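Report on the structure given below.
Only a predicted model underlies this, so the values are computations on that prediction, with no experimental measurement involved. Basis for what follows: all heavy atoms, side chains included, without hydrogens, waters or symmetry-related copies. In what follows, residues are counted from 1 in the order of the sequence shown.
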Amino acid sequence: MAERPSTDALHVAIIMDGNGRWAVRKGWPRLMGHRRGAERVKEIVAACPDLGIRYLTVYAFSTENWKRSTEEVLGLMSIFSRYIENEAERMNAGGVRLRFIGDRSRLDRRLQRLMARIEEHTSDNDQLHLTVAINYGGRNELARATRKVAEKVARGELRAEDVTEATLGAELDTAFLPEPDLVIRTSGETRVSNFLLWQAAYAEYEFTPTLWPDFTPQELGCILDRYSLRERRFGAQAV
């Protein structure tokens with residue numbers, strides 16, 4: 001089981017929604033919005049250390065996004081590849097550790113190699129832990145984790161009566177991360193869209209009408225200010 005880091009480190013997760021709509025409103029192809037969204041990720045990543053964020057997890061491509069047009073899916077995969085290639089050295093120099101969650105088996109082999117390469121290249125960094133969810137879905141993740149636990153029971157490595165929340169949690173893609181403190185969704189939608197269903201059980205949520213390409217570090221700072229005023233009780237009675 002991966003050792004979890006200290007829970008006092010702020011972990012922000014973001015559902016980066018609205019790229020396509022941003023482009024359409026300007027009369028541009030949807031992929032232009034995704035390209036601008038990738039640029040926005042770089043700006044938010046750069047701002048995280050000054051905002052006190054140690055862990056940032058972003059939702060880049062869901063297991064449901066394969067339903068989009070072939071042109072858009074292929075364009076997104078190309079953007080992911082270019083982002084990894086272009087940002088590798090910048091991230092390493094900035095102390096960013098990049099990792100990915102999700103089912104990689106359906107991704108292009110070249111993209112898988114790029115992902116593995118940058119994970120290895122940045123593995124010693126500790127300034128910011130950036131996790132990108134690609135071909136990720138919370139239900140898919142839970143199904144894969146449950147299958148791993150069931151296989152251990154079948155092999156006699158684990159007794160069924162010994163299966164606990166911690167047992168399942170250790171098999172999740174995010175076993176190396178603390179649970180998110182704050183989940184933000186841009187674009188005005190107010191649903192979680194299959195993102196970190198297990199991990200965000202006690203996270204705080206913030207929904208903003210801002211489309212992702214327009215989401216600035218300044219707005220993130222304002223959201224964090226509001227978050228700091230909330231009382232997190234984790235099921236305990238209010239004082």
Report summary line: Result for side chain to side chain contact (heavy atoms under 4.5 Å, CB included) between N135 and one of D103, I101, N140, L111 points to D103
**Report entry** Main-chain N/O of R230 paired to E204 side chain as donor or acceptor, under 3.5 Å
**Finding:** no
Report task. Give a yes or no on this: more than 12 heavy atoms of other residues, nucleotides or ligands lie within 6.0 Å of atom CG of D162. Result -> yes
**Report entry** Distance-only polar pair, side chains of E219 and T208, donor-acceptor under 3.5 Å
**Finding:** yes
Query raised in the report: Does CD in E64 sit with more than 12 non-hydrogen atoms of other residues, nucleotides or ligands closer than 6.0 Å?
Result: yes
Query - Check: W22 main-chain N/O paired with R36 side-chain donor or acceptor under 3.5 Å - result: no
Query - Side-chain touch Y136/N194, heavy atoms, less than 4.5 angstrom - result: no
Query raised in the report: Between E151 and K148, does at least one N-O distance fall below 4.0 Å, as a salt bridge requires?
Result: no
Query raised in the report: In Å, rounded to the nearest 0.5 Å, how long is the span from CG of N125 to CG of N92?
Result: 4.5 Å
**Report entry** Side chain to side chain, E206 and Y227, heavy atoms closer than 4.5 Å
**Finding:** no
Report task. Please determine, by modelled atom types, if T167 and T164 share a side-chain donor-acceptor pair under 3.5 angstrom. Result -> yes
Query - Cationic N near anionic O, under 4.0 Å, K42 to E39 - result: yes
Query raised in the report: Any donor-acceptor pair under 3.5 Å linking the side chain of R226 with the backbone of G221?
Result: no
Report task. Evaluate side-chain contact (heavy atoms from CB on, under 4.5 Å) for Y205 paired with V192, printing each intermediate quantity in order. Result -> CA-CA 9 Å; Y205 278 83; V192 299; 3.5 Å; yes
Report task. Examine distances only and state if a side-chain atom of N86 and a backbone atom of R82 form a donor-acceptor pair shorter than 3.5 Å. Result -> yes
Query raised in the report: Do E72 and K67 sit within salt-bridge range, that is, some charged N less than 4.0 Å from a carboxylate O?
Result: no
Query raised in the report: How many angstroms lie between CG in L98 and OG1 in T131, if you round to the nearest 0.5 Å?
Result: 7.5 Å
Report task. Can you measure from CG (L172) to CG (L142) and round to the nearest 0.5 angstrom? Result -> 6.0 Å
Requested in this report: Using the ring of W66 (Phe, Tyr or Trp, six-membered ring only), decide whether R106 places NZ or CZ under 6.0 Å from its centre and within 45 degrees of its axis.
Outcome: yes
Report task. Kindly indicate, with the supporting measurements, whether the criterion side-chain contact (heavy atoms from CB on, under 4.5 Å) is fulfilled by R147 and E171. Result -> CA-CA 9 Å; R147 187 160 53 246; E171 301 296 346; over 6 Å; no
Query raised in the report: Would a distance-only check, ignoring hydrogens and angles, find a side-chain to backbone donor-acceptor pair under 3.5 Å from D181 to H11?
Result: yes
**Report entry** Distance-only donor-acceptor check, side chains T122 and R99, under 3.5 Å
**Finding:** no
Requested in this report: Please work out which of the three classes, parallel, tilted or perpendicular, describes the rings of F80 and F61, given edges at 30° and 60°.
Outcome: perpendicular
Query raised in the report: Quick one: do V58 and L211 end up in the same hydrophobic cluster if we chain Ile, Leu, Val, Met, Phe, Trp and Tyr together by side-chain heavy atoms under 4.5 Å apart?
Result: no
Query raised in the report: Tell me, do I223 and L182 make a side-chain contact under 4.5 Å, heavy atoms counted?
Result: yes
Query - Short N-O contact, E141 and R144, less than 4.0 angstrom - result: no
Report task. Measure the shortest side-chain to side-chain distance between L128 and M91 over non-hydrogen atoms and say whether it is less than 4.5 angstrom. Result -> no
Query raised in the report: Are any non-hydrogen side-chain atoms of M16 and V41 less than 4.5 angstrom apart?
Result: yes
Report task. Check whether any side-chain heavy atom of L197 sits under 4.5 Å from a side-chain heavy atom of R139, and report yes or no. Result -> yes
Query raised in the report: Is Q199 reaching over with its side chain to a backbone N or O of P180, donor-acceptor style, under 3.5 angstrom?
Result: no
Query raised in the report: Can you find a heavy atom in the side chain of I79 that is under 4.5 Å from one in the side chain of R35?
Result: yes
Query raised in the report: After noting the C-alpha distance and the side-chain angles of V96 and Q127, does the key distance pass the side-chain contact (heavy atoms from CB on, under 4.5 Å) rule?
Result: CA-CA 6 Å; V96 178; Q127 180 75 12; 5.8 Å; no
Query raised in the report: Does N65 use its side chain to pair, donor to acceptor, with the backbone of S62 at less than 3.5 Å?
Result: yes
Report task. Test R191 against R185 for side-chain contact (heavy atoms from CB on, under 4.5 Å), laying out the working first. Result -> CA-CA 8 Å; R191 55 183 180 271; R185 181 170 188 150; 3.4 Å; yes
**Report entry** Side chains of R21 and S187, donor plus acceptor under 3.5 Å
**Finding:** yes
Query raised in the report: Under 3.5 Å, side chain of Q112 to main-chain N/O of R104, donor-acceptor pair present?
Result: yes
Query raised in the report: Heavy-atom distance under 4.5 Å between the side chains of L224 and L10, does that happen here?
Result: yes
Requested in this report: Output yes when R54 and D126 qualify as a salt bridge under the 4.0 Å nitrogen-oxygen rule, no when they do not.
Outcome: yes
Requested in this report: Measure from the side-chain N and O atoms of Y59 to the backbone N and O of L196, and report whether any donor-acceptor pair falls under 3.5 Å.
Outcome: no
Query raised in the report: Cut-off 3.5 Å, side chains only: do W212 and D17 have a donor facing an acceptor?
Result: no
